[in-house]
Visitor: 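Before we start, here is the structure in question, set down as C-alpha cells.
Side chains are part of it too, since the values below use all heavy atoms of this structure and drop only hydrogens, waters and symmetry mates. Whatever order the structure lists ligands and atoms in, that order sets their numbers, starting from 1.
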Amino acid sequence: MEDFSFEARVLNTPYEKADVYHSLSMPVYNTAAYEFDSAEDMEAAFCGRTTDHAYSRITNPTVQYFEDRIRMITGAMGVTALNSGMAAISNTLMAIAYSGANIVTSRHLFGNTYSFLLNTLGAFGVETRFCDLTNPAEVRKHVDQNTCAIFLEVITNPQMEVADLKALSTIGKEAGVPLIADTTVVPFNIFKAVTFGVDIEIVSSTKYISGGATSTGGLILDYGTFDWSNSARLKDVSALVGSQKAFTFKMRKEIHRNLGAYMTPQVAYMQTLGIETMSIRFERQAATCLELAKELQELENIESVNYTGLPGNPYYDISTSQFGPLPGAMLTFNLASREACFAFMNKLKLIRRATNLFDNKTLAIHPASTIYGTFTEQQRVAMDVDSKTIRLSVGLETVNDLLTDIKQALP
Ligand SMILES: *Cc1c(COP(=O)(O)O)cnc(C)c1O
C-alpha cells in the first residue's frame, strides 16, 4: 500500500482480521466486552501475550481500524484514538510530565489547552514556560534538564503565528526533549509532521477528519523518532520495550486505560467515513479560503486580513515551506471595534454563528468574547487575542455566496 497515493491508501486500508460476513466497510462493534474460549486464552489476552480484545475502554475493533487507517496514511508507528482533541492533549502530557517538570510552549494556545497546562497540570507541580516559539534563542533559554516537552500548535488560532518546526526540533534534539505538535489546523494530506522533526503529533479529529462536525475525537500519533531512555517518566519502560517504543507502550498499557477517554465505536465509524473524503473537502475549503482572503483585503471596512497563505503575510514563507500554498481553511479579519464585530456577527444570514473549525458549513466567531470570554483582559492581551478580530472557518459554499453574505453584514 505504501506505493499508492494518500487517497488510495485512506480508502483501502485492509482490516486486521477478515470480517466473518465480508462486510465492505468496517462494522460498528457496539460492545463493551469480548468473550473467550478458555481461561488460558483469557489469561493470554489480559497479560498482553495476544492482541485479542478484552474490554472497549482499552481496545475495540472499529476504533482499531480507524487507528490502522491513520497509521497507513501517516506512517506513524503508534496511533491512539481518543474521544476529543483535549483527551489526546491531556493523555499525551500526563504520560511524560511529572512534579518538578516543565513544558515549554507559547501563550498562543487553544483556550482549553492553555487552561489544562496552567490550572490542571499546574496543580500537580508541572510548570508551563510561555515564550515566543518563533524566536529560537528565547526557546533555548527556557529549556533545561527538567523540560519534558516543547509543545506548540502549528498555526496558532486566532493569532495565526507559525513557528519554524525544524528549528524547534533541533533545539529539542540537542536538549533531549521531544517536539510535540498540535496539527489540527492542517490535515495529513498536505502536512507531513514527521519530516519537520515532530516526534508526537496531536490532532483534534473533531475538525477536518470527522467529515462535517459529526463527532468529537482526538488522535495521538507517535512516529517512533524520539529516544525516551533519558526521560524521567519513560526510562523504565524504555529499558523494558526499547527507547523508541516506550511512549506508545506506556500510553496503551497505562495512561489511556487509566484516564478512560478511548474513542467509542460509533465515533470511529463516523470518522473513518469522514477521513475518506477529507482531502477533497480540504482542497475545496482551503482554495475558497485563499480566494476569500484575497477578496476581503479589497473591502473598505475590513482593517486587516490574516491568512498565512496570503503573499505579504509575515509568516508566508515559513508557512508555505511547511504547509504548501493552502495552509488550512481558517482566516481572521479585523474590523474597527468590538462593537463593529458584534454588529457584523448579528447581520450574517448564511454564515453560521458557531464555534468549531472545518465543518462543511462556514462558521464565524468573535474569539475574544467567546473562547476567551472568561479570561481576564490581561490574559487576552498576553495571548494577543484582539477584541476587533472575527474568525472564519471556511466551508464548502462558493466564494461568491460567502462574499455576498460578508458584504451585506459589514457596516
Ligand atoms: C478544537 C481544537 C482542540 C480541542 O479539540 P476537541 O476535539 O474540541 O477537544 C485542540 N487544539 C486545536 C488547535 C483545536 O482547534
Visitor: Output the distance between atom CD1 (Ile103) and atom CD1 (Ile150), rounded to the nearest 0.5 Å.
Guide: 11.5 Å
Visitor: Within this structure, what is the CG-CG distance for the pair Leu240 and Leu234, rounded to the nearest 0.5 Å?
Guide: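 Answer for the CG-CG pair, Leu240 versus Leu234, is 12.0 Å.
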Visitor: Backbone or side chain, does any N or O of Thr113 fall under 3.5 Å from an N or O of ligand 1?
Guide: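 There is no such contact.
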Visitor: Any nitrogen or oxygen of Lys207, side chain or backbone, less than 3.5 Å from one on ligand 1?
Guide: yes
Visitor: I need the atoms of ligand 1 closer than 4.0 Å to a non-hydrogen atom of Ser204, numbered in the order shown.
Guide: 1 (C), 2 (C), 3 (C), 5 (O), 6 (P), 7 (O)
Visitor: Below 3.5 angstrom, do we get any N/O pair linking Val185 and ligand 1?
Guide: no
Visitor: Nearest heavy atom to atom 11 (N) of ligand 1: which of Ile202, Thr184, Asp182 does it belong to?
Guide: Asp182
Visitor: Of all the heavy atoms in Gly217, does at least one lie under 4.0 Å from an atom in ligand 1?
Guide: yes
Visitor: Would you call Arg281 and Glu283 a salt bridge, using N to O less than 4.0 angstrom?
Guide: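 Here Arg281 does not pair with Glu283 in a salt bridge, since their nearest N and O are not under 4.0 Å apart.
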Visitor: I need the atoms of ligand 1 closer than 4.0 Å to a non-hydrogen atom of Gly85, numbered in the order shown.
Guide: 5 (O), 6 (P), 7 (O), 9 (O)
Visitor: Mind telling me whether Phe344 and Phe333 have parallel, tilted or perpendicular rings, with 30° and 60° as the class edges?
Guide: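 Answer is perpendicular, since the angle exceeds 60°.
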Visitor: At less than 4.0 angstrom from any non-hydrogen atom of Leu357, what atoms of ligand 1 do you find?
Guide: 15 (O)
Visitor: Between Lys250 and Asp222, is there a side-chain N and carboxylate O pair less than 4.0 Å apart?
Guide: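 Answer for the salt bridge query: no.
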Visitor: Using distance alone, with no hydrogens and no angle criterion, decide if Asp19 and Ser23 have a side-chain donor and acceptor under 3.5 Å apart.
Guide: no
